[in-house]
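Everything on this sheet refers to the single structure shown next.
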Amino acid sequence: MKAAPEAQKRLLDLAELDSVIDRLAHRRRTLPELAVIDERSKLHARLATQVIEAETESGDLAREQSKAESDVEAVRTRADRDQKRLDSGAVTSPRDLASLQSEIVSLHKRQGDLEEVVLEIMERREAADTKVTDLVTKRDEVRTELSAAEDRRDAAFGEIEKESAEAQGRRTGVAGEIPADLLKLYEKLREQYGVGAAMLHGGRCQGCKVALSIAEMNRIKAAPHDEVLRCEECRRILVRTAESGL
C-alpha cells in the first residue's frame with residue numbers, strides 16, 4: 001500500500017486521539033463513585049428490608065399490647081363489679097360471700113399477671129421502636145450518601161462526555177485527511193490490536209517496544225517514503241518520522 005508520508009504521520013495523531021477516547025471510556029467504566037453507588041445501593045436495599053421487618057414487628061407488638069391491655073381492663077371491670085356487689089351487702093349467704101371473695105382475689109391475681117404481660121410487651125415494643133428509629137436513621141444516611149455519590153458520578157460523566165465529544169470531533173477531522181484505504185487498514189488493525197499505528201523511534205517500534213534488527217532497519221531505510229510499512233513483531237502500521245533515526 002502507498003500513502004503520502006504526511007498522511008501516514010496523521011495516523012499518529014489519530015492514534016493519540018483514539019488513546020484519549022479509550023482512556024476516557026476506561027475512566028467512565030472505573031469511576032470510584034460506581035463502586036460506592038453499588039455498595040451503598042445494596043446496603044440501602046438491605047436496610048429498607050430491615051426497616052419493614054422492624055416496623056412489622058413493632059406493629060405486631062402494638063396489637064399484642066392493645067389486646068393485653070383490653071384483657072386487663074376486662075378483668076379489672078369484673079373485679080370492680082364483684083367488689084361493688086360485696087360492698088353493697090346484697091350477698092348475705094356465707095357460702096356466696098366466700099365464693100365472691102375468692103373470685104375477687106382470683107381476679108386481682110389475674111389482673112396482676114396480665115399487667116406483668118403488658119409491661120413485658122411494652123418493653124419489647126420499646127426496643128422494637130428504638131430499632132426502627134435506628135434503622136430508619138441509618139437507611140436515610142445511606143440514601144444521602146448514595147445521592148451524593150450519584151451526583152458526583154453524573155458530574156464526572158458530564159465532564160467525560162464533553163471531553164470525549166471534543167476528542168471525537170477532532171478525530172473526525174483528522175480521519176477526513178487520511179486516504180480511505182489507509183484509514184480502513186488502520187481501523188482494522190486497531191480493532192485487532194487496540195492500537196492501529198505506532199511511530200518508529202530510535203530503531204524501536206513504539207507500539208510493541210521491540211527493537212528492530214539491523215536487517216529490518218536497512219529494509220526500512222531502503223523503502224520508498226510513501227510505502228506503508230508494518231512492524232514485523234506486532235503488525236501495526238509503522239510510521240516514519242524525523243525521530244525515527246533513519
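Since this is a predicted model, take the numbers as computed values, not measurements.
Note that the NZ atom of K84 and the CG atom of D87 stand 10.0 Å from one another [nearest 0.5 Å]. Note that CD of E55 is 12.0 Å distant from CD of Q50, once rounded to the nearest 0.5 Å. Within the model, atoms CD1 of I220 and SG of C231 stand 8.0 Å from one another, a figure rounded to the nearest 0.5 Å. Interatomic distance, E103 CD to Q83 CD, rounded to the nearest 0.5 Å: 11.5 Å. Atom CD1 in I237 sits 5.0 Å away from atom CG in L11 (nearest 0.5 Å).
Using a 4.5 Å heavy-atom threshold, the side chains of R240 and H201 count as separate. Using a 4.5 Å heavy-atom cutoff, the side chains of D18 and R171 are in contact. For the pair L189 and R230, the minimum side-chain heavy-atom distance is below 4.5 Å. Side-chain contact between E115 and L119 is absent, with no heavy atoms from C-beta onward closer than 4.5 Å. Taking the side chain as every heavy atom from C-beta outward, E161 and R28 approach each other to under 4.5 Å. Under the 4.5 Å side-chain criterion, counting only non-hydrogen atoms from C-beta, L100 is in contact with R85. Q206 is listed as a side-chain neighbour of R204, based on a closest heavy-atom distance under 4.5 Å. Between C205 and L212 there is a side-chain heavy-atom pair separated by less than 4.5 Å.
Geometric assessment of R235 against the ring of Y193 yields a negative cation-pi assignment under the 6.0 Å and 45° thresholds.
For R143 and S147, the side-chain atoms include at least one donor-acceptor pair closer than 3.5 Å. Looking at R23 and S19, their side chains do bring a donor and an acceptor atom within 3.5 Å of each other.
Salt bridge E57/R125: absent, no basic N to carboxylate O contact under 4.0 Å. With respect to D22 and R190, a salt bridge is recorded, a charged nitrogen being found less than 4.0 Å from a carboxylate O. Classification of D38 and K42 as a salt-bridged pair holds, one side-chain N sitting under 4.0 Å from a carboxylate O.
Looking at S99, its side chain never comes within 3.5 Å of a backbone N or O of R95 through a donor-acceptor pair.
In this structure, A156 and L31 approach most closely via the heavy-atom pair CB-CD1, 3.7 Å.
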